[in-house]
Amino acid sequence: LMDRLKLVLQYFQSNSESISNGICIILSLISVKLYTSFDFNCPCLPQYNKMYALGVMLVPPVILLLLGVLVSRHTGVLMEEWVRPLGNRTKNPAVRKFLLSSMLQRALLAPMVWILMTLLDGKCFICAFSMNVNPKYFTGIPNSTGLELIKIMAKVPCKEDAIFKNSSFRKAVSRYVRCYSQAIGWSILLFFIFLGAVGRVLKPCFNHATFLQTRYWSNYLDIEQKLFDETCVLHARDFARKCVVQFFESMREDVTVRMPLSNALRPSSIHNEHEEEEEERLHGITRQDQVDHLLQTWYECKPELDLCIMLDSEQFKLWTMPGKKPHPTI
């Protein structure tokens, strides 16, 4: 069991798309659990029945939709791509549409599960539309209660009400409205299944190369942001280490402060290797204003997606730096 659980966790950790699918499944299970544990009590009043029932049917799906949009990584990538300055990199509308559709498809799963459950259960539909049923098609309507007909129909969802004692009228109306509710629910489910089947069948008929390109660049944006964040973490760690070491060295007077990574505690070879690695990470950016300028430049003018240009630029930097020679290119 533990091995299977590890495999499932590794699958969901493999990429952001798997994580998004896992989050959507969790939200769907949460919606099912919430609905099954929710105690639905119709007010049985003409002025409140429809408002309460439609609120139960629609407000939780809106909340679940917002949660799905909020936790989706595609949302952040989409908004960053939407609002970023143009700079050296053009914006691809197809990529933004792909990210938007992927985000909505996953975010709509949990709300649709909630709506389908309410329709198939029928309680909300009975509470909302029992007053719209024509009572003349049913027998056994209680007419000796002194209540108006609209108030009697509003009390149909309340099976414990005394006016329906020893009467089959309430059960008949409830079954009638529940049939409509379930028919709508099954029709919606069938429509989405049919729509997915048609989309899967017709997908090879369209330009598959364009779809692959769009998916590739959408994945690229996600991976690029992750790598940039990881590189920023490495740079910040080395930057912080240098600042801390310099602080302690400047405060040292008579007492020798031995840091875990200081020169006195490690061999010279390890020291040189670490210094070279640290220098490569810092890339000569060693002041706060330089870091701020670098981050602002990344946001305002992301590099062009041309590796040849980047390699030429790196070779030029290596040639202009003292003591550095570029590796020969093939």
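Since the structure is predicted, the reported quantities are computational estimates derived from the model, not experimental observations.
Enclosure of atom CD in Gln288 is not indicated, since only 12 or fewer non-hydrogen atoms of other residues, nucleotides or ligands lie within 6.0 angstrom.
Residues Tyr299 and Glu80 fail the side-chain proximity criterion, which asks for heavy atoms closer than 4.5 Å. Under the 4.5 Å side-chain criterion, counting only non-hydrogen atoms from C-beta, Ser174 is in contact with Val156. At least one side-chain heavy atom of Leu119 sits under 4.5 Å from a side-chain heavy atom of Met57.
A donor-acceptor pair under 3.5 Å is absent between the side-chain atoms of Gln246 and the main chain of Cys243, judged by distance alone. The backbone N or O of Leu70 sits nowhere less than 3.5 Å from a side-chain atom of Thr75 that would complete a donor-acceptor pair. Side-chain atoms of Lys302 do not come within 3.5 Å of backbone N or O of Asn88 as any donor-acceptor pair. Side chain of Lys91 to main chain of Arg84: a donor-acceptor pair is present (N/O by atom type, distance under 3.5 Å, no hydrogens or angles).
Linking Ile, Leu, Val, Met, Phe, Trp and Tyr residues whenever their side-chain heavy atoms come within less than 4.5 Å places Ile285 and Phe239 in a single cluster. Phe211 and Tyr220 are not part of a single hydrophobic cluster, where members link through side-chain heavy atoms under 4.5 Å apart.
When only modelled atom types and interatomic distance are considered, Gln225 and Asp229 share a side-chain donor-acceptor pair under 3.5 Å. Inspection of the Asn41 and Tyr52 side chains reveals no N or O donor paired with an N or O acceptor under 3.5 Å.
Between Glu224 and Arg89 there is a salt bridge, since at least one side-chain N of the basic residue sits less than 4.0 Å from a carboxylate O of the acidic one.
Aromatic ring pairs are classed by plane angle as parallel below 30°, tilted from 30° to 60° and perpendicular above 60°; the pair Phe129 and Phe125 is tilted. Aromatic ring orientation, Phe169 versus Phe138: perpendicular (interplanar angle above 60°, classes split at 30° and 60°).
Cys pair Cys42 and Cys127 passes the test of SG atoms under 2.5 Å apart.
Note that OH of Tyr35 and CG of Asp121 are 3.5 Å apart. Values are rounded to the nearest 0.5 Å. Remark: Glu81 CD to Leu221 CG distance equals 5.0 Å, nearest 0.5 Å.
For the pairing with Leu65, the side-chain contact (heavy atoms from CB on, under 4.5 Å) check across Leu109, Leu27, Leu108 returns one residue only, Leu108.
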